[in-house]
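Notes to accompany the following structure.
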Amino acid sequence: MGRLQPTFDGETVIVTGSASGIGRAVARRFGDAGASVLVADIDEEPKDGDVPTAETIRDDGGTAEFVRTDVTDRSALTDLLEAAREYGGVDVMVNNAGLFVGGSVLDLTPEEFERIHAVNAKGIYFGVQAAANDMLDRDDPGVIVNTASISSNLAQFDQVQYDSTKGAVRMITRGSALELAEHGIRVNAVAPGQIATEFIEGWTEEATEKAASDDLVKPVPLGRAGTPQDVASAYLYLASENADYVTGELLHVDGGWQAF
Ligand code: NAD
């Protein structure tokens, strides 16, 4: 099998929610590919207590900076784009920060509803908006990649509120792709399936066990949970010239779950 190895030398990439999990793997992959990476997160420390992402990228010989950012705060996103100008301005914006709130549609509180939508939907929307405006102000169109989910299309029990945010990400991606195409800005999303991260406490183990035991609403055809590394290449592909004619697309990286 061949191997695509996109290079991002001299380019500036922002990845939100990149202290841990999928975002961390994506940030590191862009760092390895030569980009200057802005690691944007509310926390600098990864959930597993490992070395912070920006530091790891620098240790590996790359260029990276941590910028503390709460994606629910629109002005923080504008400041983040401003910080990217120190590196020549953003070329690739990855809107990935997200969280999970479970619970029945019968019980969810307004505070819980607002919290999950503030990060997963509002955070993505204003991330797209801030990046696109910055690209247009600099007259330098780039690429935006959002993190959707298998839940953008598939309903599961006790997670209406999560599914609704990921459904929103799907339409934010498609709608902004449509509107920004004339400006030369592409907008796509990666839709991961069951990925072993500490997204929910203990999820790394739970996702691994559930996927292997078929203890899900449907089995994962490839028979295992994904890893952040499995997902990361999809972001680089969508951000690269290889995907020049791809916009408004959700690329599922889910071991075949969506196809089932
Ligand atoms: P994770 O918890 O390991 O990483 C999420 C990161 O987002 C963390 O570093 C966290 O600090 C950060 N974050 C949370 N709120 C933030 C905020 N307000 N501002 C900035 N950063 C914030 O989880 P993950 O599994 O890597 O999830 C990353 C994305 O992938 C999320 O959007 C999630 O919905 C999506 N996703 C995950 C799975 C899965 O099975 N793990 C499946 C589909 C989609």
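Counting convention: from 1, in listed order, for ligands and their atoms alike.
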Practice item. Give a yes/no verdict on whether any heavy atom in Thr16 is under 4.0 Å from an atom of ligand 1. Key: no

Review point. To the nearest 0.1 Å, how far is atom 6 (C) of ligand 1 from its closest protein heavy atom, and which atom is that?
Key: Gly17 O, 3.5 Å

Exercise for review: Test Asp9 against Thr7 for side-chain hydrogen bond (donor to acceptor under 3.5 Å, both in side chains), laying out the working first.
Suggested key: CA-CA 6 Å; Asp9 290 327; Thr7 53; 4.7 Å; no

Review point. Got Arg24 and Thr197 here, is their nearest side-chain heavy-atom distance under 4.5 Å?
Key: no

**Study point:** Test item, Gly193 contacting ligand 1 (heavy atom, 4.0 angstrom)
**Key:** yes

Practice item. Under 4.0 Å from a heavy atom of Ala148: give me the atoms of ligand 1 that qualify, with their elements. Key: 44 (C)

**Study point:** Qualifying residue, where the test is side chain to side chain contact (heavy atoms under 4.5 Å, CB included) with Arg85 and the options are Thr12, Val90, Asp137
**Key:** Asp137

Review point. Honestly curious: do Val231 and Val143 fall in one hydrophobic cluster under the side-chain, below-4.5 Å linking rule?
Key: yes

Check your understanding: Measuring from the heavy atoms of Trp203, does anything fall under 4.0 Å of ligand 1?
Key -> yes

Check your understanding: If every non-hydrogen atom of Arg170 is compared with every non-hydrogen atom of Asn153, which pair is closest and at what distance?
Key -> NE-OD1, 3.3 Å

Point to revise | Nearest protein heavy atom with distance in Å, relative to atom 2 (O) of ligand 1 | key: Lys47 NZ, 2.5 Å

Point to revise | Transitive ILVMFWY side-chain link Leu180 to Val13, under 4.5 Å | key: no

Exercise for review: May I ask you to check whether Thr197 has an N/O atom sitting below 3.5 Å from an N/O atom of ligand 1?
Suggested key: yes

Review point. Looking only at protein heavy atoms, which one is nearest to atom 11 (O) of ligand 1, and how far off is it?
Key: Asp41 OD1, 2.7 Å

Check your understanding: At what distance is the nearest protein heavy atom to atom 39 (C) of ligand 1, and which residue and atom is it?
Key -> Ile195 O, 3.6 Å

Check your understanding: Under 4.0 Å from any heavy atom of Ser20, which atoms of ligand 1 are there?
Key -> 3 (O), 4 (O), 9 (O)

Review point. If you count the atoms of ligand 1 from 1 in the order shown, which ones are under 4.0 Å from a heavy atom of Ser149?
Key: 43 (C), 44 (C)

Check your understanding: Less than 3.5 Å between some nitrogen or oxygen of Asn96 and one of ligand 1, yes or no?
Key -> yes

Review point. Relative to the heavy atoms of Ala97, which atoms of ligand 1 are at a distance of less than 4.0 Å?
Key: 7 (O), 20 (C), 21 (N), 22 (C), 32 (O)

Practice item. Provide, to 0.1 Å, the distance between atom 35 (C) of ligand 1 and the closest protein heavy atom, together with that atom's residue and name. Key: Thr147 CG2, 3.5 Å

**Study point:** Which residue and heavy atom of the protein sit nearest atom 23 (O) of ligand 1, plus the separation
**Key:** Phe199 CD1, 3.3 Å

Revision key, fill the gap. For Tyr162, the atoms of ligand 1 under 4.0 Å from one of its heavy atoms are 33 (C), 34 (O), 35 (C), 36 (N), 43 (C), 44 (C)

Exercise for review: For the pair Asp134 (side chain) and Glu82 (backbone), establish whether a donor and an acceptor sit closer than 3.5 Å, ignoring hydrogens and angles.
Suggested key: no

Review point. What residue and atom, counting heavy atoms only, is the protein's closest point to atom 19 (N) of ligand 1, and at what distance?
Key: Val71 N, 3.1 Å

Check your understanding: Does an N or O from Asp70, backbone or side chain, lie closer than 3.5 Å to an N or O of ligand 1?
Key -> yes

Review point. With side chains defined as the heavy atoms from C-beta onward, is the minimum distance between Val37 and Arg28 less than 4.5 Å?
Key: no

Check your understanding: Which ligand 1 atoms does Thr69 reach within 4.0 Å, using its non-hydrogen atoms?
Key -> 19 (N), 20 (C)

Check your understanding: Can you tell me if Lys166 has a non-hydrogen atom under 4.0 Å from ligand 1?
Key -> yes

Study note, to complete from the structure: Looking only at heavy atoms, the pair that brings Asn146 and Asn95 closest together is OD1-ND2, 3.0 Å

Check your understanding: Under a 4.0 Å N-O cut-off, is there an ion pair linking Asp230 with Arg224?
Key -> yes

Review point. In terms of hydrophobic clusters joined by side-chain contacts under 4.5 Å, are Val145 and Leu178 together?
Key: no

Practice item. For the pair Asp91 and Phe8, evaluate side-chain contact (heavy atoms from CB on, under 4.5 Å) and give the outcome as yes or no after the intermediate values. Key: CA-CA 9 Å; Asp91 297 294; Phe8 288 86; over 6 Å; no

Practice item. Provide the number and element of each atom of ligand 1 under 4.0 Å from a heavy atom of Gly21. Key: 3 (O), 26 (O)

Review point. At their closest point, which heavy atom of Pro141 faces which heavy atom of Ile185, and how far apart are they?
Key: CB-CG1, 3.8 Å

Check your understanding: Which atoms of ligand 1 sit under 4.0 Å from any heavy atom of Ala19?
Key -> 9 (O)

Review point. What is the nearest protein non-hydrogen atom to atom 26 (O) of ligand 1, stated with its residue, atom name and distance?
Key: Ile22 N, 2.8 Å

Check your understanding: Looking at side-chain heavy atoms only, is the closest gap between Gln159 and Phe100 below 4.5 Å?
Key -> yes

